[in-house]
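The block underneath contains the structure these notes are about, expressed in structure tokens.
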Amino acid sequence: MKTLSYIVLLLFFIGCAKEVKPWEKETLAKSTMEDAGGNALSKQYEEHIYFSKEASKGGGGVAGGGCGCN
Amino acid sequence: MKNIIWTFLLGSQLFAYDVGDTISPAMVEHLGLGGEKVYVIDFFASWCGSCQKEVPLIAKANVTLNHNEVEIIGIDVDKKPENAEAFQKALQAEGALNFRVVNDPQNLVIAEFNPVGMPTLYYVKAQKVVKIITGAVDAIDAQIHSDLKKMR
Amino acid sequence: MQLRLSWCAATLLVATAMQAEDYVSVQVLQYNENDNRVSVTAPSIMINKDFGTDYTLNASFVADAVSGASPTYYDASSGASAYARNKNVNVSDIKYDNITFSEKRIAGGALFTSRFANRDELRVGANGSSEDDFDSGSGSLEYMHWLDSSKNSAITLGGSYQYNEITARCVDRVGCDASSGASEVKTSTAINVQLGVSHNINPQSYVDIAAFYIADDGYLTDSYLNVVRNNDGITADVVGEKRPDTRSAYGGILKYVNAITDRTTLHLSYRYYWDDWSIRSHTVDSDLYYELGSDWTFKLGLRNYRQSAADFYNSSDNFFSNELYASSDYRLSDFSAWTYKSNVDYKVTKEFSMNLSANYYDQTTGLKATYFMTGFRYNF
């Protein structure tokens, strides 16, 4: 938890140091910057495979999206 | 002189045009805002999803405007000229771009206005900012008409 | 002119560009394990549709046909069933081998996103899935709040609740004859809470950090799997495995994405997970995207996963006696795994793109799997 708060604090200062302007977001808007390169279905498959074969889960958000993974 | 002002503004990045502010003489000259009209300045880029939706709607609004009273000016902030060109060509092919566009590949214009989001519309009258609309707005065409009616 | 403060002092939120598109995407998965264990064919479809600038609906649907086998202990002398459980079985008749099964699953989900004037987002989701012996339904709620006026930082809090109905082969009920196929309906629930922060570091990179908590409650045992108890060297009992009725899991995930060059994008992530079954895991994932021209995108990925065993796990047929909880499921063992990933995406037209993905999964338990995904996406 301590580590987490340090990281959040660090991010805060990075943010204060220099913000990304709205017109500088061309790269950030690219699909290759998104999770799974923007291919949400393939991400669901992979999460389902790992869920079925490994004992850990979580971290992928709460919304699910058709995976039906319990 | 222009460059000095822009460099200063770009360097500080702390200033932004807000409602009531007067546009710098250099920018008035650069964008051609010296007339008696209301200027509607729209910042957009090819990579901005909601700009792609908004530009055609602005073009639609432009069809029925009185061009003696109002001029719409697009500012394309694409850094790569080839992207700006391709985007504008595609819009023109669909009849979705019927106003003057100033390319701003070095982002000097938008840095001076310094909006907090994209797309952004600035209404400028007598070199002063009258209104700012930031972000995607449904039916921006109707919004422009009603805004201009109030400014007359 | 007005002085604009950066996000550490900003309180005013104004709308900005958002990335939303209308699209239909279709993918088909073909998954095959070594030794003809499990084979899965699964087609899926996803539709994303904006309603104006304030609402987005995302719906997806997947069907899969699973056939194959999973390994467990069984009584080979019993002709009744491949899952045969019996007490006092001759040790020489106890086998550990693949038990065949086949099942069909359908699952679907919808996520509705609503944006407020300040562009904060509320996302409401529902998911359901159904297979022969497992039905599940869940609902989720998530709120994303922009922390700065330039939309470079956001905090997201989400929660979900899931309800499962499991048709379990009777395992621990007195007088229940598993070999005759008798079963009973069991239930379980899962609560998942996640808190995350994302931040654009510069025009080329961003980080996501999130912490999550998952609480499982109810029937968490796999009713197809057996363990061997009371092995005295001559006879032993082959009985169903048994897991605790609750599981509390915690974890954190850190993601970093950087466009190293105009054409190259690197994704890195690390997840740490721990639960009260004594399972700890580390997941390191990396993907490298390379854009060739304006039409081709190649991806190479490498993922490493390792976990420690559950405290009630043992693989041996000569370990368990009267412990309350016992499982020999290899998925609860101490193991590590590598995934080697590749994908190629080709933009046929401005609106239409196709992809093909080939991947290899290699677990130290002996499990190896090859899976392919292919499909298309159409932006409308």
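Throughout, a chain's letter reflects where its sequence line sits, starting with A, and its residues are numbered from 1.
Counting heavy-atom pairs under 4.5 Å between each of C:Ile279, C:Leu266, C:Thr297, C:Ile214 and chain A puts C:Ile214 at the top. The candidate with the highest count of non-hydrogen atom pairs below 4.5 Å against chain A, out of C:Gln363, C:Arg377, C:Lys299, is C:Gln363. For chain A, the option among C:Gly375, C:Ser205, C:Ala59 with the highest count of heavy-atom pairs below 4.5 Å is C:Ser205. Listed options C:Lys255, C:Lys341, C:Gln307 were ranked by heavy-atom pairs under 4.5 angstrom with chain A; first place goes to C:Gln307. Note: C:Asn152 leads C:Asn152, C:Asn202, C:Thr265 in heavy-atom pairs under 4.5 Å with chain A. Per-residue heavy-atom pair counts under 4.5 Å with chain A were compared for C:Thr283, C:Asp287, C:Thr339, C:Asp275, and the maximum is reached by C:Thr339.
Checked by atom type and distance alone, the side chain of A:Tyr45 pairs as donor or acceptor with a backbone atom of C:Gln27 at under 3.5 Å. Looking at C:His267, its side chain does come within 3.5 Å of a backbone N or O of A:Thr32 through a donor-acceptor pair. Checked by atom type and distance alone, the side chain of C:Tyr289 pairs as donor or acceptor with a backbone atom of A:Gly37 at under 3.5 Å.
The distance from atom CD of A:Glu19 to atom OG of C:Ser153, rounded to the nearest 0.5 Å, is 9.5 Å. Going from atom OH of C:Tyr31 over to atom CD1 of A:Ile49 covers 6.0 Å, rounded to the nearest 0.5 Å. With values rounded to the nearest 0.5 angstrom, A:His48 atom NE2 is found 9.0 Å from C:Leu29 atom CG. Separating the OG atom in C:Ser150 from the NZ atom in A:Lys21 is a distance of 5.0 Å, to the nearest 0.5 Å. Within the model, atoms CG of A:Asn39 and CG of C:Asp345 stand 7.5 Å from one another, a figure rounded to the nearest 0.5 Å. A:Glu54 contributes atom CD, which lies 11.0 Å from atom CZ of C:Arg331 (distance to the nearest 0.5 angstrom).
In this view, C:Phe298 and C:Leu292, C:Trp296, C:Val344 satisfy the side chain to side chain contact (heavy atoms under 4.5 Å, CB included) rule, not counting sequence neighbours.
Contacts between C:Arg303 and chain A at a heavy-atom distance below 4.5 Å involve the side chain alone, from C-beta outward. Heavy-atom distances place no part of A:Ser31 under 4.5 Å from chain C, backbone and side chain included. For chain A, no part of C:Val124 is nearby; none of its heavy atoms comes within less than 4.5 Å. Within the 4.5 angstrom heavy-atom criterion, only side-chain atoms of C:Glu291, from C-beta onward, approach chain A. Of the two parts of C:Phe335, only the side chain, counted from C-beta on, holds a non-hydrogen atom closer than 4.5 Å to a non-hydrogen atom of chain A. Of the atoms belonging to C:Tyr250, not a single heavy atom falls under 4.5 Å from chain A. At a 4.5 Å heavy-atom cutoff, C:Ile106 makes no contact with chain A through either its backbone or its side chain. At a 4.5 Å heavy-atom cutoff, C:Arg306 makes no contact with chain A through either its backbone or its side chain. With a 4.5 Å cut-off on non-hydrogen atoms, C:Val66 does not touch chain A at all. Residue contact with chain A, scored on non-hydrogen atoms closer than 4.5 Å, involves the side chain of C:Tyr371 exclusively.
Using modelled atom types, one finds a donor on one side chain and an acceptor on the other under 3.5 Å when comparing A:Ser56 with C:Tyr305.
For A:Thr27 against C:Pro203, the heavy-atom pair with the smallest separation is CB-O, 3.4 Å. Minimum heavy-atom separation, C:Ala259 to A:Met33: CB-SD, 4.0 Å. The two atoms that bring C:Phe212 and A:Lys57 nearest to each other are CE1-O, 3.3 Å, heavy atoms only.
Side-chain atoms of C:Gln204 and A:Leu28, non-hydrogen and from C-beta on, never get closer than 4.5 Å to each other. A heavy-atom distance below 4.5 Å is not found between the side chains of A:Gln44 and C:Ser44.
Electrostatic pairing of C:Asp262 and A:Lys30 does not count as a salt bridge here, judged by no charged N lying under 4.0 Å from a carboxylate O. The pair C:Glu33-A:Lys53 meets the salt-bridge criterion, since a charged nitrogen lies less than 4.0 angstrom from a carboxylate oxygen.
Other residues, nucleotides and ligands contribute more than 12 heavy atoms inside 6.0 Å of the CZ atom of C:Arg37.
Legend: salt bridge (Lys or Arg N to Asp or Glu O under 4.0 Å) pairs involving residues 36-46 of chain A, not counting sequence neighbours, sorted by first then second residue: A:Asp35-A:Lys43, A:Lys43-A:Glu47.
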